[in-house]
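For reference, the structure discussed in these notes is given below.
As a basis for the values below, the full set of heavy atoms in this structure was taken, side chains included, without hydrogen atoms, waters or symmetry mates.
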Amino acid sequence: MNNMDKEQAHLRIEKLTKELDHHNYQYYVLSRPSISDYDFDMLLNELIELEKQYPEFLSPQSPTQRVGGDITKVFRTVQHKYPMLSLANTYSEEEILNFDKRTRKGLVHDPIYVCELKYDGVAIGLTYKNGVLEKAVTRGDGIQGDDITANVKTIKSIPLKLKGNYPEEFEIRGEIFYPHQGFYKLNEEREVKGDNPFANPRNAASGTLKMQDSTEVAKRPLDCYLYILYGENLPHASHYKNLQEAKNWGFKISEDIKLCNSLKDILNFIRYWDKERANLPYDIDGIVIKLDSLQDQQSLGFTAKSPRWAISYKFKAEQVSTELLSISYQVGRTGAITPVANLKPVLLAGTTVKRASLHNSDIIKNLDVRIGDQVFVEKGGEIIPKIVGVDLPKRSLFSQEIKYISNCPECGTSLIRKEGEANHYCPNTYACPPQIKGSIEHFISRKAMNIDSLGEGKIDILYEKGLIKNFADLYKLRFEDIFGLEKIIPESEGKKERKVGFKEKSTQNIIKGIEASKQVGFEKVLYAIGIRYVGETVAKKLATYFKNIDALMNATFEELVEVDEIGDKIAQAVIDYFNYNANKSLIEELRIYGLQLELKEDPNLISSNILEGKLFVVSGVFANHSRDEIKSLVEQYGGKNTGSISSKTSYVLAGENMGPSKLAKAEKLGIPIISESEFEKLINLTT
Ligand code: IVH
């Protein structure tokens, strides 16, 4: 291949591109694979190699670009050329009848409707110029949305380059969704990693599209159906025909679209899909009915919010009734109590339901559910079904109101309920078993100490066997203490019964992981120890500011609130944490085990006291550093940061978008205003 001449390489690249585009289309748009995965990968690898050797022939539309790579820190806001409106919702057949009546009144001839599925995902507008995907923009507020092109380019069913006879410029809109199979797999993986599962496929789609790293998006199996075109030169005056034409250009257009010319046809379509949707591999939440003729659409026009020429019919959530057997109370990682209804098993939307969330005591009170009641259970957009009402006529005369628990079911401590909060809490944070286990799970999680070999269920075993009572105890564990331990986790929430245990290899990995965590940076340790409200970002801020655990432990409330973005609530939580003696001993233990309790100086940075006695006001957005980085550089070189400009200020370090009033004040007081690069020169960061 090395000897291939340039012209040959160009031709081969073009040929491979065409072939791969074709196979992608067959696989992702038509669901009719035309080549084995292995052969596909061979062709793709050949193209990747050739593009590496001849980067001048690498096109942004190449199938190799589907793997992502672009990182978007902040999504650009863009104006929609055509406002992205939503549809008026209806919930009954009668409302559809009224829609049909209104439509007929507004037209001089009989209407032709197009019935489509209403996909439950994230709306997207794709603009194509000369057959090339130019941008992909979310709905946003309908007037402007986020440019998420880098992420959308990784969705294989969205063509980067069109085929056939397409208009020079147009926009096509559709819905990006997360197919069921991929969704369940994603959630399982998230649970293993300790990340919160997504409540439903729509959230998974929207969460994925918001990710900054498109390489991660590329790993998720998002899909997209397109359902409407906008442009000055569309091929037909019929919505339906335009969609069929768009199919020829390479778009994924649903086969489940129907032209209807009577109300009866529409209602049949609705009734059919209300049942059949249970068999679709993705979520739909209703049916969309549109007028087919673009001229008719124009003559009916829009209301302020939505078109008069279309309407959506939303399906009712599936409901069944069953008996409420009992209520159990779960204690979460943070001590929050969640009441859970135990139900007589019943079939709902394809799965057997045994439990439903009751959320909190207010919900129980408002529903007035009682043990023995026949309750109505619904599956909405969420995975966990909910109780929506009680079949009162069936209630037993002897039923009694539910008395909410007043003590923690795990440790017996009296529960508290803070003002304005819906949940009761167990305040016994440091001695209540699920809370201790929760704090250990948090300690080992990926973004904290990253001891991921100690995954699902293993902490439970170690805790129940009395081998660990807190996270510091992890550092006492020896191979021979844990090798061979195991536990059977009974089936729950649709997951089969499974065995969790410490096999030889995994035990070795755990011991290695625990040892390696001693090198994890101070800011992560600070996050890992689980001070209330101290998330990743706050931990980083505190670590940068105080530099070591002792300074933080000794900090007063006033000193804490001095730190950028640390408010009263966080400051108090830090004070409370270290006031508790058991926490102080935990920290001492961590110190003995050799964890990083101070910030390591970056050896690449030679600091000095060059800025000693200088007072800085840092404002605006900078090109090379974040504002926090600049502020820590100021301190590293002996300077001080303040928030407001006064006659004592030595320099105003101005980035982009600095407020005009600050600039004016600095100018008035004659304080030097310096740029990021001037600051870098000042501390000799550049030569
Ligand atoms: S047409 C001006 N067709 O539903 C109307 N929308 O409430 C343009 N949706 O924002 C939308 N499936 O996200 C249309 N077949 C379909 C749809 C659909 C789902 C979503 C879309 C839109 C919302 C309207």
Side-chain angles (χ1 to χ4, degrees), residues 80-126 138-143 145 170-177 224-231 234-246 251 253-274 277 283-315:
H80 290 297
K81 185 164 177 191
Y82 308 93
M84 215 158 167
L85 299 176
S86 58
L87 296 170
N89 288 327
T90 60
Y91 297 87
S92 67
E93 296 193 345
E94 197 191 338
E95 286 176 279
I96 301 290
L97 180 105
N98 290 337
F99 167 70
D100 180 47
K101 270 194 199 152
R102 280 199 306 275
T103 311
R104 284 175 191 277
K105 235 189 212 165
L107 298 177
V108 288
H109 54 85
D110 285 341
I112 297 176
Y113 297 110
V114 184
C115 286
E116 300 169 14
L117 306 184
K118 187 169 189 301
Y119 307 98
D120 197 5
V122 177
I124 192 79
L126 310 171
T138 62
R139 191 174 116 84
D141 61 6
I143 305 297
F170 67 97
E171 183 172 343
I172 188 162
R173 289 182 183 163
E175 201 86 351
I176 297 177
F177 59 93
C224 180
Y225 272 123
L226 285 313
Y227 48 62
I228 198 159
L229 287 111
Y230 293 86
L234 299 182
H236 301 284
S238 141
H239 165 68
Y240 182 82
K241 282 190 185 156
N242 281 334
L243 282 185
Q244 299 314 312
E245 192 69 47
F251 291 107
I253 309 288
S254 171
E255 293 295 315
D256 303 311
I257 302 182
K258 198 168 186 285
L259 278 168
C260 296
N261 45 29
S262 71
L263 186 67
K264 199 171 133 239
D265 283 355
I266 298 177
L267 296 182
N268 280 341
F269 189 86
I270 291 178
R271 287 172 198 157
Y272 174 80
W273 281 108
D274 197 359
R277 71 186 158 122
D283 278 357
I284 61 170
D285 60 346
I287 295 298
V288 178
I289 303 132
K290 299 173 187 166
L291 262 183
D292 184 48
S293 150
L294 301 193
Q295 267 133 32
D296 289 355
Q297 291 184 2
Q298 218 173 16
S299 55
L300 285 192
F302 298 84
T303 69
K305 280 187 284 181
S306 49
R308 286 199 188 87
W309 47 264
I311 200 157
S312 88
Y313 174 89
K314 297 266 264 192
F315 295 130

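Residue Q295 places its CD atom among 12 or fewer non-hydrogen atoms of other residues, nucleotides or ligands, all under 6.0 Å distant. For Q298, the CD atom counts as loosely surrounded, since its 6.0 Å shell holds 12 or fewer non-hydrogen atoms of other residues, nucleotides or ligands. Atom CG of L294 is surrounded by more than 12 heavy atoms from other residues, nucleotides or ligands within 6.0 Å.
The minimum heavy-atom distance linking E171 with Y82 is given by the pair OE1-CD1, 3.8 Å. Considering every non-hydrogen atom in both F170 and I172, the closest pair reads CE1-CB, 4.0 Å. Residues K118 and I287 share a closest heavy-atom pair of CB-N, 3.8 Å. Between L87 and A310, the shortest heavy-atom contact is CD2-CB, 3.7 Å.
Looking at F177 and D283, their side chains never come closer than 4.5 Å, going by heavy atoms from C-beta outward. For the pair R139 and S86, the minimum side-chain heavy-atom distance is below 4.5 Å. Y272 has its side chain out of reach of N268: every pair of non-hydrogen atoms, C-beta onward, lies at least 4.5 Å apart.
At least one donor-acceptor pair under 3.5 Å links the side chain of S92 to the backbone N or O of E95.
No hydrogens or angles considered: nothing links the side chains of Q297 and H239 as a donor-acceptor pair under 3.5 Å. There is a side-chain donor-acceptor pair under 3.5 Å between Y113 and D100.
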